[in-house]
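Any value given below was found using the heavy atoms of this structure, including those in side chains, with hydrogens, waters and symmetry copies removed. These numbers were taken from a predicted model, which means no experiment stands behind them.
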Amino acid sequence: MERFEKVVPRKGTRSVKWDMAEDLYQDKDVLPMWVADMDFETPRAVTEALKERVEHGIFGYTIPDDLVKKEITQWLENRHRWEIHADWISYSPGVIPSLHMIIQSLTEIGDHILIQTPVYPPFYSVIKDHGRHVVKNPLYLNEERYNIDFDDFEKKIKENQVTMFILCNPHNPVGRVWSKEELERMMDICLKHDVKVVADEIHADLIYKGNVHIPIASLSKEAANQTITCLSPTKTFNLAGLQASYLVIPNDSDKKKVDRHFKNQGMMMLNTLGVTAMEAAYRHGEEWLDHLNTVLESHRDYVIHRFHSETSSIRVLPAEGTYLLWMDCRELGMTQSELKSFMQKEAKVGLNDGASFGVEGEGFMRLNIAAPKSIIEEGVSRMVKAVQDKEK
(Lines give C-alpha, C1' and ligand atoms only; values in the text may rest on other atoms or scores of the structure.)
Protein backbone atom coordinates (compact mmCIF):
# COMPACT_ATOMS: atom_id res chain seq x y z
CA MET A 1 0.00 0.00 0.00
CA GLU A 2 3.01 2.30 0.46
CA ARG A 3 3.10 2.66 -3.33
CA PHE A 4 -0.06 4.74 -3.04
CA GLU A 5 1.46 7.04 -0.39
CA LYS A 6 4.47 8.02 -2.48
CA VAL A 7 4.34 11.59 -3.78
CA VAL A 8 5.83 11.68 -7.26
CA PRO A 9 6.60 15.23 -8.49
CA ARG A 10 4.86 15.72 -11.82
CA LYS A 11 5.70 19.34 -12.61
CA GLY A 12 8.00 19.59 -15.58
CA THR A 13 6.70 16.37 -17.18
CA ARG A 14 4.25 18.19 -19.49
CA SER A 15 1.46 17.03 -17.19
CA VAL A 16 -1.91 18.52 -18.08
CA LYS A 17 -2.96 18.31 -14.45
CA TRP A 18 0.11 19.96 -12.93
CA ASP A 19 1.88 21.96 -15.64
CA MET A 20 -1.28 23.63 -16.94
CA ALA A 21 -2.61 24.50 -13.48
CA GLU A 22 -0.90 27.87 -13.13
CA ASP A 23 -2.16 29.08 -16.52
CA LEU A 24 -5.62 27.68 -15.88
CA TYR A 25 -6.05 29.06 -12.37
CA GLN A 26 -3.70 32.09 -12.63
CA ASP A 27 -1.96 31.15 -9.38
CA LYS A 28 1.17 29.04 -8.88
CA ASP A 29 0.03 28.10 -5.37
CA VAL A 30 -3.23 26.44 -6.44
CA LEU A 31 -3.24 22.69 -5.69
CA PRO A 32 -4.54 20.85 -8.79
CA MET A 33 -7.27 18.32 -7.96
CA TRP A 34 -9.17 18.43 -11.22
CA VAL A 35 -8.50 16.52 -14.47
CA ALA A 36 -9.22 12.78 -14.28
CA ASP A 37 -5.82 11.20 -14.08
CA MET A 38 -4.13 9.81 -10.98
CA ASP A 39 -1.06 10.88 -9.04
CA PHE A 40 -0.21 7.22 -8.41
CA GLU A 41 2.49 5.27 -10.23
CA THR A 42 1.17 2.58 -12.54
CA PRO A 43 1.78 -1.08 -11.53
CA ARG A 44 5.44 -2.13 -11.58
CA ALA A 45 4.64 -4.92 -14.03
CA VAL A 46 3.52 -2.28 -16.52
CA THR A 47 6.62 -0.13 -16.16
CA GLU A 48 8.83 -3.22 -16.41
CA ALA A 49 7.06 -4.29 -19.61
CA LEU A 50 7.50 -0.80 -21.03
CA LYS A 51 11.20 -0.74 -20.10
CA GLU A 52 11.74 -4.09 -21.80
CA ARG A 53 9.94 -2.89 -24.92
CA VAL A 54 11.93 0.37 -24.98
CA GLU A 55 15.20 -1.56 -24.63
CA HIS A 56 14.32 -3.43 -27.81
CA GLY A 57 14.97 -0.13 -29.54
CA ILE A 58 12.67 -0.45 -32.55
CA PHE A 59 9.19 1.07 -32.56
CA GLY A 60 7.73 0.22 -35.92
CA TYR A 61 4.09 -0.38 -36.80
CA THR A 62 2.58 -2.54 -34.08
CA ILE A 63 -0.57 -4.63 -34.03
CA PRO A 64 -2.55 -5.78 -30.98
CA ASP A 65 -2.47 -9.51 -31.71
CA ASP A 66 -4.54 -12.42 -30.40
CA LEU A 67 -2.64 -12.38 -27.09
CA VAL A 68 -3.81 -8.83 -26.42
CA LYS A 69 -7.38 -9.77 -27.29
CA LYS A 70 -7.09 -12.75 -24.96
CA GLU A 71 -6.06 -10.47 -22.08
CA ILE A 72 -9.03 -8.19 -22.78
CA THR A 73 -11.58 -10.99 -22.99
CA GLN A 74 -10.24 -12.67 -19.84
CA TRP A 75 -10.27 -9.36 -17.94
CA LEU A 76 -13.89 -8.67 -18.84
CA GLU A 77 -14.92 -12.21 -17.94
CA ASN A 78 -13.02 -12.37 -14.65
CA ARG A 79 -13.66 -8.83 -13.49
CA HIS A 80 -17.15 -8.20 -14.86
CA ARG A 81 -18.59 -11.63 -15.65
CA TRP A 82 -19.00 -10.63 -19.27
CA GLU A 83 -18.09 -13.17 -21.92
CA ILE A 84 -17.30 -11.57 -25.24
CA HIS A 85 -15.95 -12.83 -28.55
CA ALA A 86 -12.51 -11.57 -29.55
CA ASP A 87 -13.81 -10.52 -32.95
CA TRP A 88 -16.14 -7.98 -31.28
CA ILE A 89 -13.10 -5.88 -30.32
CA SER A 90 -11.99 -2.76 -32.19
CA TYR A 91 -9.21 -0.41 -31.07
CA SER A 92 -9.08 3.34 -30.61
CA PRO A 93 -6.70 5.91 -29.11
CA GLY A 94 -9.39 6.94 -26.62
CA VAL A 95 -13.05 6.92 -25.66
CA ILE A 96 -13.66 10.45 -26.97
CA PRO A 97 -12.30 9.64 -30.45
CA SER A 98 -14.48 6.52 -30.31
CA LEU A 99 -17.59 8.59 -29.57
CA HIS A 100 -16.82 10.87 -32.50
CA MET A 101 -16.49 7.87 -34.84
CA ILE A 102 -19.58 6.09 -33.52
CA ILE A 103 -21.78 9.15 -33.91
CA GLN A 104 -20.55 9.84 -37.43
CA SER A 105 -20.91 6.25 -38.58
CA LEU A 106 -24.20 5.23 -36.90
CA THR A 107 -26.27 8.44 -36.91
CA GLU A 108 -27.19 11.12 -39.43
CA ILE A 109 -26.87 14.89 -39.38
CA GLY A 110 -29.94 16.26 -37.59
CA ASP A 111 -30.43 13.15 -35.43
CA HIS A 112 -31.22 13.54 -31.73
CA ILE A 113 -28.96 11.88 -29.16
CA LEU A 114 -29.88 11.44 -25.48
CA ILE A 115 -27.56 12.06 -22.53
CA GLN A 116 -28.15 12.08 -18.76
CA THR A 117 -27.06 15.33 -17.17
CA PRO A 118 -24.99 16.53 -15.39
CA VAL A 119 -22.46 14.57 -17.40
CA TYR A 120 -18.89 14.50 -18.72
CA PRO A 121 -18.54 17.69 -20.85
CA PRO A 122 -17.31 16.05 -24.11
CA PHE A 123 -20.67 14.26 -24.38
CA TYR A 124 -22.13 17.59 -25.45
CA SER A 125 -19.43 18.47 -27.96
CA VAL A 126 -19.23 15.08 -29.69
CA ILE A 127 -22.93 15.46 -30.48
CA LYS A 128 -23.01 19.14 -31.45
CA ASP A 129 -19.76 19.11 -33.44
CA HIS A 130 -21.29 16.72 -35.97
CA GLY A 131 -24.60 18.49 -36.48
CA ARG A 132 -26.61 16.25 -34.17
CA HIS A 133 -28.90 17.54 -31.41
CA VAL A 134 -28.51 17.05 -27.65
CA VAL A 135 -31.55 15.73 -25.79
CA LYS A 136 -31.26 15.76 -22.00
CA ASN A 137 -32.73 13.34 -19.48
CA PRO A 138 -31.65 15.15 -16.29
CA LEU A 139 -30.83 12.98 -13.30
CA TYR A 140 -32.49 14.04 -10.06
CA LEU A 141 -30.88 14.21 -6.65
CA ASN A 142 -32.75 12.45 -3.84
CA GLU A 143 -30.91 13.03 -0.57
CA GLU A 144 -27.38 11.75 -1.35
CA ARG A 145 -28.14 9.73 -4.47
CA TYR A 146 -28.87 10.61 -8.08
CA ASN A 147 -31.68 8.73 -9.79
CA ILE A 148 -33.10 8.34 -13.28
CA ASP A 149 -36.44 9.80 -14.27
CA PHE A 150 -37.59 6.90 -16.42
CA ASP A 151 -40.84 8.55 -17.49
CA ASP A 152 -38.87 11.51 -18.79
CA PHE A 153 -36.32 9.12 -20.35
CA GLU A 154 -38.94 7.46 -22.52
CA LYS A 155 -40.85 10.67 -23.15
CA LYS A 156 -37.75 12.42 -24.48
CA ILE A 157 -36.97 9.47 -26.73
CA LYS A 158 -40.47 9.43 -28.20
CA GLU A 159 -40.91 13.18 -28.57
CA ASN A 160 -37.52 13.72 -30.21
CA GLN A 161 -37.30 10.48 -32.19
CA VAL A 162 -33.99 9.82 -30.47
CA THR A 163 -31.74 7.43 -32.39
CA MET A 164 -28.86 7.04 -29.90
CA PHE A 165 -28.35 7.15 -26.14
CA ILE A 166 -24.91 7.72 -24.59
CA LEU A 167 -24.80 6.02 -21.19
CA CYS A 168 -22.13 6.88 -18.63
CA ASN A 169 -21.59 3.98 -16.22
CA PRO A 170 -20.12 4.46 -13.68
CA HIS A 171 -21.41 7.97 -14.02
CA ASN A 172 -19.05 10.93 -14.28
CA PRO A 173 -19.41 13.19 -12.30
CA VAL A 174 -22.10 11.98 -9.86
CA GLY A 175 -20.43 8.64 -9.06
CA ARG A 176 -23.42 6.37 -9.52
CA VAL A 177 -22.90 2.72 -10.46
CA TRP A 178 -26.19 1.90 -12.11
CA SER A 179 -27.97 -1.17 -10.72
CA LYS A 180 -29.09 -4.13 -12.82
CA GLU A 181 -32.71 -3.00 -12.46
CA GLU A 182 -31.88 0.51 -13.67
CA LEU A 183 -29.87 -0.82 -16.60
CA GLU A 184 -32.60 -3.27 -17.59
CA ARG A 185 -35.24 -0.56 -17.53
CA MET A 186 -33.18 1.77 -19.70
CA MET A 187 -32.36 -1.03 -22.12
CA ASP A 188 -35.99 -2.15 -22.38
CA ILE A 189 -36.98 1.37 -23.40
CA CYS A 190 -34.13 1.61 -25.91
CA LEU A 191 -35.01 -1.74 -27.46
CA LYS A 192 -38.68 -0.76 -27.63
CA HIS A 193 -37.86 2.39 -29.60
CA ASP A 194 -34.84 1.04 -31.50
CA VAL A 195 -32.35 3.40 -29.87
CA LYS A 196 -28.66 2.52 -30.17
CA VAL A 197 -26.88 2.47 -26.80
CA VAL A 198 -23.32 3.73 -26.57
CA ALA A 199 -21.91 2.83 -23.15
CA ASP A 200 -18.94 4.79 -21.84
CA GLU A 201 -17.69 2.34 -19.20
CA ILE A 202 -14.15 3.64 -18.84
CA HIS A 203 -14.48 3.78 -15.02
CA ALA A 204 -15.83 0.21 -14.85
CA ASP A 205 -12.94 -1.13 -12.75
CA LEU A 206 -13.11 1.63 -10.12
CA ILE A 207 -15.94 0.34 -7.94
CA TYR A 208 -16.48 0.62 -4.18
CA LYS A 209 -17.68 -2.13 -1.85
CA GLY A 210 -21.39 -2.85 -1.99
CA ASN A 211 -21.58 -2.01 -5.69
CA VAL A 212 -21.12 -4.11 -8.81
CA HIS A 213 -20.44 -2.82 -12.29
CA ILE A 214 -22.65 -4.55 -14.85
CA PRO A 215 -21.87 -3.91 -18.51
CA ILE A 216 -25.22 -3.00 -20.04
CA ALA A 217 -24.40 -5.12 -23.10
CA SER A 218 -24.14 -8.20 -20.85
CA LEU A 219 -27.83 -8.12 -19.93
CA SER A 220 -29.00 -10.18 -22.92
CA LYS A 221 -28.26 -11.03 -26.54
CA GLU A 222 -30.70 -8.32 -27.57
CA ALA A 223 -28.91 -5.78 -25.37
CA ALA A 224 -25.52 -6.79 -26.79
CA ASN A 225 -26.79 -6.38 -30.34
CA GLN A 226 -28.04 -2.88 -29.50
CA THR A 227 -24.91 -1.66 -27.70
CA ILE A 228 -21.43 -0.33 -28.45
CA THR A 229 -19.28 -0.35 -25.31
CA CYS A 230 -16.23 1.90 -24.89
CA LEU A 231 -13.56 0.65 -22.49
CA SER A 232 -9.93 1.22 -21.62
CA PRO A 233 -7.29 0.34 -19.02
CA THR A 234 -6.15 3.98 -18.97
CA LYS A 235 -8.34 5.24 -16.12
CA THR A 236 -7.86 2.01 -14.17
CA PHE A 237 -4.07 1.94 -14.32
CA ASN A 238 -3.22 5.63 -14.96
CA LEU A 239 -2.15 5.16 -18.57
CA ALA A 240 -4.08 7.99 -20.24
CA GLY A 241 -1.00 9.45 -21.93
CA LEU A 242 -0.42 6.17 -23.77
CA GLN A 243 -3.77 6.49 -25.57
CA ALA A 244 -5.00 2.92 -25.73
CA SER A 245 -8.68 2.00 -25.63
CA TYR A 246 -11.04 -0.40 -27.32
CA LEU A 247 -14.66 -0.89 -28.29
CA VAL A 248 -16.80 -3.99 -27.92
CA ILE A 249 -19.31 -4.16 -30.78
CA PRO A 250 -21.27 -7.44 -31.02
CA ASN A 251 -23.47 -6.20 -33.87
CA ASP A 252 -21.51 -7.11 -36.99
CA SER A 253 -23.15 -4.47 -39.18
CA ASP A 254 -22.44 -1.72 -36.64
CA LYS A 255 -18.87 -2.93 -36.20
CA LYS A 256 -18.16 -2.79 -39.93
CA LYS A 257 -19.52 0.77 -40.13
CA VAL A 258 -17.50 1.96 -37.14
CA ASP A 259 -14.32 0.20 -38.30
CA ARG A 260 -14.71 1.72 -41.76
CA HIS A 261 -14.98 5.18 -40.26
CA PHE A 262 -11.83 4.68 -38.20
CA LYS A 263 -10.03 3.48 -41.32
CA ASN A 264 -11.26 6.43 -43.37
CA GLN A 265 -9.77 8.76 -40.76
CA GLY A 266 -6.44 6.94 -40.83
CA MET A 267 -6.86 5.60 -37.29
CA MET A 268 -6.03 1.97 -37.86
CA MET A 269 -3.70 0.95 -35.03
CA LEU A 270 -2.57 1.75 -31.48
CA ASN A 271 0.88 3.04 -30.58
CA THR A 272 3.52 0.49 -29.64
CA LEU A 273 3.80 1.38 -25.96
CA GLY A 274 0.03 1.59 -25.55
CA VAL A 275 -0.29 -2.01 -26.73
CA THR A 276 2.48 -3.11 -24.36
CA ALA A 277 0.94 -1.33 -21.38
CA MET A 278 -2.56 -2.65 -22.05
CA GLU A 279 -1.39 -6.25 -22.20
CA ALA A 280 0.76 -5.98 -19.05
CA ALA A 281 -1.91 -4.13 -17.05
CA TYR A 282 -4.62 -6.67 -17.76
CA ARG A 283 -2.28 -9.63 -17.24
CA HIS A 284 -0.63 -8.49 -14.01
CA GLY A 285 -2.60 -5.57 -12.58
CA GLU A 286 -5.49 -7.09 -10.65
CA GLU A 287 -3.85 -7.15 -7.21
CA TRP A 288 -2.67 -3.55 -7.67
CA LEU A 289 -6.22 -2.56 -8.65
CA ASP A 290 -7.71 -4.17 -5.55
CA HIS A 291 -5.32 -2.12 -3.40
CA LEU A 292 -6.15 1.01 -5.38
CA ASN A 293 -9.87 0.64 -4.81
CA THR A 294 -9.28 0.19 -1.08
CA VAL A 295 -7.21 3.38 -1.00
CA LEU A 296 -9.79 5.33 -3.01
CA GLU A 297 -12.62 4.18 -0.77
CA SER A 298 -10.64 5.31 2.26
CA HIS A 299 -10.02 8.70 0.63
CA ARG A 300 -13.71 9.05 -0.24
CA ASP A 301 -14.73 8.38 3.36
CA TYR A 302 -12.07 10.73 4.70
CA VAL A 303 -13.21 13.61 2.48
CA ILE A 304 -16.86 13.09 3.36
CA HIS A 305 -16.11 12.93 7.09
CA ARG A 306 -14.00 16.09 7.05
CA PHE A 307 -16.54 18.20 5.19
CA HIS A 308 -19.61 16.89 6.96
CA SER A 309 -18.11 17.17 10.45
CA GLU A 310 -16.27 20.45 10.04
CA THR A 311 -18.53 22.51 7.77
CA SER A 312 -22.25 22.97 7.27
CA SER A 313 -22.17 24.39 3.75
CA ILE A 314 -20.67 21.62 1.61
CA ARG A 315 -22.13 18.17 1.16
CA VAL A 316 -20.07 15.51 -0.62
CA LEU A 317 -22.02 12.76 -2.34
CA PRO A 318 -20.86 9.22 -1.46
CA ALA A 319 -19.59 7.98 -4.81
CA GLU A 320 -20.25 4.33 -5.65
CA GLY A 321 -17.49 4.28 -8.25
CA THR A 322 -14.81 6.41 -10.00
CA TYR A 323 -12.18 8.47 -8.17
CA LEU A 324 -14.21 11.65 -8.62
CA LEU A 325 -16.33 13.22 -5.90
CA TRP A 326 -19.29 15.50 -6.62
CA MET A 327 -19.45 18.34 -4.11
CA ASP A 328 -22.76 20.10 -3.45
CA CYS A 329 -21.77 23.67 -2.58
CA ARG A 330 -25.17 25.32 -2.98
CA GLU A 331 -25.46 26.13 0.73
CA LEU A 332 -22.57 28.55 0.34
CA GLY A 333 -25.08 30.82 -1.41
CA MET A 334 -22.73 31.80 -4.23
CA THR A 335 -23.20 32.21 -7.94
CA GLN A 336 -21.22 29.71 -10.01
CA SER A 337 -18.69 32.39 -10.88
CA GLU A 338 -18.29 33.27 -7.20
CA LEU A 339 -17.94 29.59 -6.27
CA LYS A 340 -15.17 29.04 -8.81
CA SER A 341 -13.36 32.14 -7.60
CA PHE A 342 -13.77 31.10 -3.96
CA MET A 343 -12.21 27.67 -4.51
CA GLN A 344 -9.42 29.10 -6.61
CA LYS A 345 -8.54 32.26 -4.70
CA GLU A 346 -9.60 31.57 -1.12
CA ALA A 347 -9.13 27.79 -0.83
CA LYS A 348 -6.27 27.67 -3.35
CA VAL A 349 -7.47 24.41 -4.94
CA GLY A 350 -8.06 23.68 -8.60
CA LEU A 351 -11.33 21.80 -9.08
CA ASN A 352 -13.58 21.11 -12.05
CA ASP A 353 -16.38 23.63 -12.46
CA GLY A 354 -19.72 21.89 -11.92
CA ALA A 355 -21.40 24.02 -14.57
CA SER A 356 -19.10 22.53 -17.23
CA PHE A 357 -21.12 19.32 -16.83
CA GLY A 358 -24.32 21.17 -17.77
CA VAL A 359 -26.64 23.67 -16.10
CA GLU A 360 -27.64 20.88 -13.71
CA GLY A 361 -24.13 21.12 -12.26
CA GLU A 362 -24.40 24.72 -11.15
CA GLY A 363 -23.61 25.00 -7.44
CA PHE A 364 -21.39 21.91 -7.60
CA MET A 365 -17.67 21.23 -8.02
CA ARG A 366 -15.82 18.00 -8.91
CA LEU A 367 -12.87 16.78 -6.83
CA ASN A 368 -10.27 14.18 -7.88
CA ILE A 369 -9.21 11.95 -4.94
CA ALA A 370 -6.73 9.75 -6.84
CA ALA A 371 -3.63 11.07 -5.12
CA PRO A 372 -1.52 10.21 -2.06
CA LYS A 373 -3.27 10.85 1.26
CA SER A 374 -0.99 13.79 2.06
CA ILE A 375 -2.20 15.64 -1.04
CA ILE A 376 -5.84 14.85 -0.26
CA GLU A 377 -5.39 16.06 3.33
CA GLU A 378 -3.79 19.29 2.19
CA GLY A 379 -6.50 20.03 -0.37
CA VAL A 380 -9.36 19.22 1.98
CA SER A 381 -7.81 21.27 4.79
CA ARG A 382 -7.52 24.26 2.49
CA MET A 383 -11.18 24.01 1.49
CA VAL A 384 -12.45 23.36 5.02
CA LYS A 385 -10.56 26.37 6.40
CA ALA A 386 -11.84 28.64 3.63
CA VAL A 387 -15.43 27.51 4.24
CA GLN A 388 -15.08 27.85 8.02
CA ASP A 389 -13.74 31.38 7.61
CA LYS A 390 -16.74 32.23 5.46
CA GLU A 391 -19.20 30.63 7.88
CA LYS A 392 -17.94 32.69 10.84
Task: Neighbour count >12 (heavy atoms, 6.0 Å) for atom NE2, His305 - done: no
- [ ] For the pair Asp39 (side chain) and Met33 (backbone), establish whether a donor and an acceptor sit closer than 3.5 Å, ignoring hydrogens and angles.
- [x] no
- [ ] Look at the side-chain heavy atoms of Ile, Leu, Val, Met, Phe, Trp and Tyr, link any pair under 4.5 Å apart, and say whether Tyr246 and Ile166 land in one connected group.
- [x] no
Open item on the list: If you count heavy atoms of other groups shown closer than 6.0 angstrom to CD of Glu108, is the number above 12?
Closed with: no
TODO: Verify, without hydrogens or angle tests, whether Tyr323 (side chain) and Ala36 (backbone) share a donor-acceptor contact under 3.5 angstrom.
DONE: yes
- [ ] Report the C-alpha separation of Ser313 and Glu391 in whole Å, then their side-chain angles, then the decisive distance to 0.1 Å, and conclude whether the side-chain hydrogen bond (donor to acceptor under 3.5 Å, both in side chains) test is met.
- [x] CA-CA 8 Å; Ser313 302; Glu391 291 176 340; 2.6 Å; yes
Open item on the list: To the nearest 0.5 Å, what is the distance between CG on Leu292 and OG1 on Thr236?
Closed with: 8.5 Å
Open item on the list: I'd like to know if Arg283 pairs up with Glu279 as an ion pair, taking the criterion as any Lys NZ or Arg NE/NH1/NH2 lying under 4.0 Å from an Asp or Glu carboxylate oxygen.
Closed with: yes
Task: Within residues 349-363 or reaching into it, pairs that qualify as side chain to side chain donor-acceptor pair (under 3.5 Å) - sequence neighbours excluded - done: Thr117-Glu360, Lys136-Glu360, Gln336-Asp353, Asn352-Arg366
Open item on the list: Hydrogens and angles aside, do Glu201 and His213 bring a side-chain donor and acceptor to less than 3.5 Å of each other?
Closed with: yes
Open item on the list: Using a 3.5 Å distance criterion without hydrogens, assess whether the side chain of Trp178 forms a donor-acceptor pair with backbone atoms of Cys168.
Closed with: yes
Task: In one Ile/Leu/Val/Met/Phe/Trp/Tyr side-chain cluster, 4.5 Å: Leu242, Val95 - done: no
Task: Whether Asn238 side chain and Phe40 backbone form a donor-acceptor pair below 3.5 Å - done: yes
Open item on the list: Quick check against the 3.5 Å criterion: does Asp19 have a side-chain atom that pairs as donor or acceptor with the backbone of Ser15?
Closed with: yes
TODO: Just jot down the side-chain hydrogen bond (donor to acceptor under 3.5 Å, both in side chains) partners of Tyr302, sequence neighbours excluded, or say none.
DONE: Arg306
Task: Nearest heavy-atom neighbours spanning Phe262 and Pro97 - done: CZ-O, 4.5 Å
Open item on the list: Run Leu367 and Val349 through side chain to side chain contact (heavy atoms under 4.5 Å, CB included) and show every step you take.
Closed with: CA-CA 10 Å; Leu367 168 68; Val349 292; over 6 Å; no
TODO: Determine the minimum heavy-atom distance between Ala45 and Ala280, stating which atoms define it.
DONE: O-CB, 4.0 Å
Task: Salt-bridge present (Lys51, Glu55; N to O < 4.0 Å) - done: no
Open item on the list: Looking at Ala240, is its backbone amide N or carbonyl O close enough to the side chain of Gln243 to form a donor-acceptor pair, meaning the two atoms are under 3.5 Å apart?
Closed with: no
TODO: Any chance you could pull the hydrophobic cluster mates of Met269, using side-chain heavy atoms under 4.5 angstrom and chaining through other members?
DONE: Tyr61
- [ ] Would you mind reporting whether Asn137 and Lys155 have side-chain heavy atoms less than 4.5 Å apart?
- [x] no
Task: Salt-bridge contact Lys192-Asp188 (side-chain N to carboxylate O under 4.0 Å) - done: no
Task: Atom CG of Asp66: over 12 foreign heavy atoms under 6.0 Å - done: no
Open item on the list: Would you say that more than 12 heavy atoms from the other residues, nucleotides or ligands in this model lie under 6.0 Å from the CD of Glu52, or not?
Closed with: no
- [ ] Taking all non-hydrogen atoms of both residues into account, name the closest pair between Ala370 and Asn368 and its distance.
- [x] N-OD1, 2.8 Å
- [ ] Sort and list the pairs that fulfil side chain to side chain donor-acceptor pair (under 3.5 Å) and have at least one residue in residues 86-95, not counting sequence neighbours.
- [x] Ser90-Lys255, Ser90-Asp259, Ser92-Ser98
- [ ] Count the heavy atoms belonging to other residues, nucleotides or ligands that lie under 6.0 Å from NZ of Lys156, then report whether that count exceeds 12.
- [x] yes
Task: Distance-minimising heavy-atom pair for Pro93 and Leu270 - done: N-CD2, 4.1 Å
- [ ] Give a yes or no answer on whether the side chain of Asp328 reaches the backbone of Arg330 with a donor-acceptor pair at less than 3.5 Å.
- [x] yes
Open item on the list: Could you check whether Thr62 and Thr272, counting side-chain N and O atoms only, form a donor-acceptor pair closer than 3.5 Å?
Closed with: yes
- [ ] Count the heavy atoms belonging to other residues, nucleotides or ligands that lie under 6.0 Å from CD of Glu338, then report whether that count exceeds 12.
- [x] yes
Task: Within-4.5 Å side-chain heavy-atom neighbours: Ile148 and Arg185 - done: no
Task: hydrophobic_cluster_shared for Phe150 and Tyr146, side chain cutoff 4.5 Å - done: yes
Open item on the list: Through direct or indirect side-chain contacts below 4.5 angstrom among Ile, Leu, Val, Met, Phe, Trp and Tyr, which residues connect to Val35?
Closed with: Val16, Met20, Leu24, Tyr25, Val30, Trp34
Task: hydrophobic_cluster_shared for Tyr120 and Leu139, side chain cutoff 4.5 Å - done: no
Task: Hydrophobic cluster membership, Phe123 vs Leu231, 4.5 Å side-chain cutoff - done: no
Task: Under-4.0 Å salt bridge between Glu331 and Arg315 - done: no
Task: Non-hydrogen side-chain atoms of Glu71 and Met278 separated by less than 4.5 Å - done: no
Open item on the list: Would you say the rings of Phe153 and Phe165 are close, in the sense that their centroids are separated by under 6.0 Å?
Closed with: yes
Task: ring pair (Phe, Tyr, Trp, His ring centres under 6.0 Å) assessment of Phe237 paired with Trp75 - done: CA-CA 13 Å; Phe237 298 104; Trp75 182 267; 5.8 Å; yes
TODO: Determine, for Asp27 against Lys345, whether the closest basic-nitrogen to carboxylate-oxygen distance falls under 4.0 angstrom.
DONE: no
Task: Any donor-acceptor pair under 3.5 Å from Arg53 side chain to Ile58 backbone - done: yes
Open item on the list: Take a 6.0 Å sphere around NZ of Lys340 and say whether it holds more than 12 heavy atoms from other residues, nucleotides or ligands.
Closed with: no
Open item on the list: Tell me whether Glu287 at atom CD has more than 12 heavy atoms from other residues, nucleotides or ligands lying less than 6.0 Å away.
Closed with: no
Open item on the list: Between Glu297 and Lys209 (salt bridge meaning N to carboxylate O under 4.0 Å), is one present in this structure?
Closed with: no
- [ ] Measure across Asn293 and Leu206 and return the closest heavy-atom pair with its distance rounded to 0.1 Å.
- [x] OD1-CA, 3.5 Å
Open item on the list: Under a 3.5 Å distance rule, please check whether His85 uses its side chain to pair with a backbone N or O of Pro250 as donor and acceptor.
Closed with: no
Open item on the list: On a heavy-atom basis, which atom in Thr13 and which in Arg10 lie closest, and how many Å separate them?
Closed with: OG1-O, 2.5 Å
Open item on the list: Side chains of Asp194 and Gln226 only: does a donor on one sit below 3.5 Å from an acceptor on the other?
Closed with: yes
Open item on the list: Looking at Glu286 and Arg79, is any side-chain nitrogen of the basic one under 4.0 Å from a carboxylate oxygen of the acidic one?
Closed with: yes
Task: Partner residues of Trp288 under the side-chain hydrogen bond (donor to acceptor under 3.5 Å, both in side chains) criterion, sequence neighbours left out - done: none
Task: Heavy-atom side-chain contact between His171 and Val119 under 4.5 Å - done: yes
Open item on the list: Looking at His299 and Ile369, would you say the former's side chain and the latter's main chain have a donor-acceptor pair under 3.5 Å?
Closed with: yes
